[in-house]
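What follows is one structure encoded as structure tokens, with my remarks underneath.
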Amino acid sequence: AMDRLLYAINDPVRREILELLRDGELTSSEIASHFKMTHSGISQHLKVLSEVGLVQMRKEGTRRLYCARREGLAELRSVLLYLITCSTTE
């Protein structure tokens, strides 16, 4: 799980998406408006973030709303703290 989480946040676009979703739900179009890339490119990034549990999607009519998952972010925080702790104890 650690490798997958680190892979997911390795990309600057995915990190920025997480920042955008920190304050609440956004549609994929709202997310895409912050980037100079195709909607399908944004969808691929959202898929990676969803697969590792950092983002979740819910449907509201024809809209897809995305938000950051607190549980996934807590797991990511634990992984990062573990790595920091390992590197400072050597």
Side-chain angles (χ1 to χ4, degrees):
M2 182 181 354
D3 288 342
R4 293 177 67 218
L5 280 170
L6 294 175
Y7 169 78
I9 64 162
N10 186 48
D11 188 284
V13 171
R14 290 194 284 270
R15 289 194 304 271
E16 192 170 340
I17 289 171
L18 283 175
E19 286 184 49
L20 291 170
L21 295 175
R22 186 176 54 194
D23 297 323
E25 291 181 320
L26 293 173
T27 65
S28 56
S29 295
E30 290 169 328
I31 295 167
S33 72
H34 292 267
F35 302 94
K36 292 184 178 181
M37 63 174 28
T38 64
H39 283 277
S40 65
I42 292 298
S43 292
Q44 286 300 313
H45 286 298
L46 287 166
K47 181 180 177 189
V48 169
L49 292 169
S50 295
E51 286 175 348
V52 299
L54 293 173
V55 168
Q56 68 185 20
M57 183 272 294
R58 72 177 181 89
K59 290 184 181 179
E60 187 177 88
T62 59
R63 297 173 7 148
R64 293 172 183 249
L65 295 162
Y66 292 87
C67 68
R69 283 188 67 245
R70 289 187 189 273
E71 302 87 354
L73 294 175
E75 183 180 354
L76 175 60
R77 181 177 185 269
S78 295
V79 166
L80 294 174
L81 285 173
Y82 170 77
L83 291 174
I84 291 167
T85 304
C86 287
S87 65
T88 59
T89 58
E90 293 179 8

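The shown structure was predicted, so the numbers you read here are calculated from the model rather than taken from an experiment.
Residue Y7 is not grouped with residue L76 when hydrophobic side chains (ILVMFWY) are merged at heavy-atom distances under 4.5 angstrom, including chains of intermediate members. Under a hydrophobic clustering in which Ile, Leu, Val, Met, Phe, Trp and Tyr are joined whenever their side-chain heavy atoms come within less than 4.5 Å, directly or via other members, L73 and I17 fall into the same cluster.
Y66 and T27 get closest at one heavy-atom pair: CD1-C, 4.5 Å.
Here the straight-line distance linking atom CZ of R58 with atom CG of L65 works out to 5.0 Å at 0.5 Å rounding. Once rounded to the nearest 0.5 Å, the distance linking NE2 of H34 with CD of E30 reads 7.5 Å. Distance CD/E75 to CZ/R4: 9.5 Å, rounded to 0.5 Å. Rounding to the nearest 0.5 Å places CE of M57 at 11.0 Å from SG of C67. Interatomic distance, CG of L26 versus OG of S33, reported as 8.0 Å (0.5 Å rounding).
In this structure, R15 contributes its side chain and I9 its backbone to a donor-acceptor pair below 3.5 Å.
Of the charged side-chain nitrogens involved, none lies within less than 4.0 Å of a carboxylate oxygen, so that E19 and R22 do not count as a salt-bridged pair.
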(message) Pair E25, L21 - check side-chain contact (heavy atoms from CB on, under 4.5 Å), show working.
(response) CA-CA 6 Å; E25 291 181 320; L21 295 175; over 6 Å; no

Side-chain polar contacts of residues 41-55 - donor-acceptor pairs under 3.5 angstrom, sequence neighbours left out - could you list them?
residue, atom, partner, partner atom, Å
S43, OG, H39, O, 3.0
H45, ND1, R14, NH1, 3.1
S50, OG, L46, O, 2.9

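Under 3.5 Å, the side chains of T38 and S40 contain a donor-acceptor pair of N or O atoms.
The number of heavy atoms from other shown groups lying within 6.0 Å of CZ (R64) does not exceed 12. Taking a 6.0 Å sphere around CZ of R77, one finds it holds 12 or fewer heavy atoms contributed by other residues, nucleotides or ligands.
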